[in-house]
Amino acid sequence: MFSKLIVLALAISPLVAAHGKVAVVTGDAGGNGTALAIKGAVVPGPGPNSKTEVDTTVFSSTKIQTDGLGRTTGSGKNKVAMLNQTMALSGSTLPQVSATNGTIEGTFHIVTTDGAGPIQAVLDPTATGSFSNGTMLTTVTQVPGNNGNIKAPKQRSLLARALVAAGIVKRAANVNEDFPMKFSVPAGTTCSGTVNGISNVCLVKIANSNKAGPFGGVVAVQIAGQTATAAKRAVEFSA
């Protein structure tokens, strides 16, 4: 009888991965941004995983200092050129980080139960995705979680919990909660990247280390005052 229940559970609960994503980031000197490939309010908060997780970035390695920008199920492989789309959502001024005692902070949205903290951040000054040579940032405000997992707001059924405990089903429950995050940027950091005509750009990769992912996002920032003409840019977006 129990084996039949397992088969039924597998049929109605597909094996899926969970997610957490970078919803918004601001710099201590102003500006606003969000992760590459984020679709904003188009993506619902609660609901089936197939609909809530489409714009969450999945990386290839649990080691955060690994090259690459990750990918999402909704947009495929992330590219630096996607910065225009993220600025269409967050505005024409990227997060501005002070050259001394600079910080970035924002919101990490836990979509499902193994898209949680703890998270880390690494800065690539070339804005190419070369995070293996990047600078690790110090976490000031951490996202809750244990090995990327967090308890679901509602308890699962006894059968569902038994299947997860046995390692048979990795069904992630919807969480749909926002948590603050904050990182300090080392004094003397400079940004040398140019993306879509915008100079003085660094990329910051923020992610957990859950083996089902890992999950997070990549956001562009600038060092305030490094290039006066790069601090702001009016971007025209095609329809």
Side-chain angles (χ1 to χ4, degrees), residues 19-45 52-59 64 67-97 102-111 115 119 121-131 134 137 178-183 185 191-207 213-224 226-227 230-239:
H19 295 74
K21 60 187 177 184
V22 178
V24 64
V25 165
T26 59
D28 67 287
N32 186 62
T34 191
L36 299 178
I38 289 292
K39 296 181 179 295
V42 174
V43 178
T52 61
E53 299 178 340
V54 296
D55 65 343
T56 301
T57 294
V58 183
F59 296 103
I64 195 164
D67 293 341
L69 304 176
R71 61 184 298 113
T72 69
T73 57
S75 301
K77 187 176 180 180
N78 288 341
K79 303 176 178 64
V80 291
M82 290 177 173
L83 183 58
N84 271 6
Q85 286 71 40
T86 65
M87 292 176 74
L89 293 174
S90 59
S92 60
T93 303
L94 294 175
Q96 302 294 299
V97 180
T103 61
I104 60 171
E105 60 184 300
T107 300
F108 192 86
H109 182 75
I110 298 180
V111 183
I119 58 174
V122 58
L123 182 146
D124 164 29
T126 68
T128 61
S130 181
F131 296 110
L137 306 186
D178 292 331
F179 294 91
M181 61 180 178
K182 185 175 182 178
F183 304 93
V185 179
C191 297
S192 61
T194 298
V195 182
N196 297 344
I198 310 172
S199 59
N200 176 32
V201 178
C202 290
L203 292 181
V204 178
K205 176 182 178 181
I206 301 170
F215 309 109
V218 174
V219 64
V221 304
Q222 293 176 309
I223 302 300
Q226 183 175 308
T227 306
K232 278 198 171 186
R233 177 180 181 247
V235 182
E236 295 182 358
F237 302 95
S238 58

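Considering CD of Gln96 and CG of Asn200, their distance stands at 7.5 Å, rounded to 0.5 Å. One finds the CD atom of Gln222 at 7.0 Å from the OG atom of Ser199 (value rounded to the nearest 0.5 Å). The OG1 atom of Thr86 lies 6.0 Å from the CG atom of Leu36; values are rounded to the nearest 0.5 Å. Atom CZ of Phe131 sits about 5.5 Å away from atom CG of Asp124, to the nearest 0.5 Å. Atom CD1 of residue Ile198 and atom SG of residue Cys191 lie 12.5 Å apart, to the nearest 0.5 angstrom.
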Could you walk me through whether Val22 and Phe108 pass the side-chain contact (heavy atoms from CB on, under 4.5 Å) check? CA-CA 5 Å; Val22 178; Phe108 192 86; 4.2 Å; yes
Steps toward side-chain contact (heavy atoms from CB on, under 4.5 Å) verdict (Val185, Thr103): CA-CA 5 Å; Val185 179; Thr103 61; 6.0 Å; no
Would Thr128 and Ser130 count as a side chain to side chain donor-acceptor pair (under 3.5 Å) here? Give the steps. CA-CA 6 Å; Thr128 61; Ser130 181; 4.8 Å; no
Can you list the steps and then say if Thr34 with Lys21 is a side-chain contact (heavy atoms from CB on, under 4.5 Å)? CA-CA 10 Å; Thr34 191; Lys21 60 187 177 184; over 6 Å; no
Walk me through it: do Met87 and Leu94 pass the test side-chain contact (heavy atoms from CB on, under 4.5 Å)? CA-CA 8 Å; Met87 292 176 74; Leu94 294 175; 4.0 Å; yes
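The shortest distance between side-chain heavy atoms of Val54 and Thr72 does not fall below 4.5 Å. Residues Ile110 and Phe179 have side chains in contact (heavy-atom distance under 4.5 Å, counting atoms from C-beta outward). For the pair Leu137 and Val122, the minimum side-chain heavy-atom distance is 4.5 Å or more. Annotation: side chain of Val97 is in contact with side chain of Asp28 (closest heavy-atom distance under 4.5 Å). Side-chain contact between Glu105 and Val25 is absent, with no heavy atoms from C-beta onward closer than 4.5 Å. A 4.5 Å side-chain heavy-atom check between Thr93 and Asn32 finds every atom pair outside the cut-off. Inter-residue side-chain proximity for Ile206 and Phe183 is flagged as met; some heavy-atom pair is nearer than 4.5 Å. Contact check for Thr107 versus Met181: no side-chain heavy atoms found under the 4.5 Å cut-off.
Counted by atom type alone, Asn78 and Thr57 present one or more donor-acceptor pairs between their side chains at under 3.5 Å.
No donor-acceptor pair closer than 3.5 Å links the side chain of Asp55 to the backbone N or O of Ala37.
When all heavy atoms of Asn196 and Asn84 are compared, the pair lying nearest together is ND2-OD1, 3.3 Å. Heavy-atom minimum distance, Ala23 versus His109: CB-CB, 4.3 Å. When all heavy atoms are compared, the tightest approach of Thr56 to Val111 is OG1-CG2, 4.0 Å. What you find for Val58 and His19 is that their closest heavy atoms are CG2-NE2, 3.7 Å. Between Ala220 and Val201, the closest heavy-atom pair is CB-CG1, 4.0 Å. Among all heavy-atom pairs drawn from Pro95 and Gly33, the shortest one is CG-N, 3.6 Å.
Screening residues 77-91 for salt bridge (Lys or Arg N to Asp or Glu O under 4.0 Å), with sequence neighbours left out, gives no hits.
Judged by a 6.0 Å distance limit and a 45° cone about the ring axis, Lys205 is positioned over the six-membered ring of Phe59.
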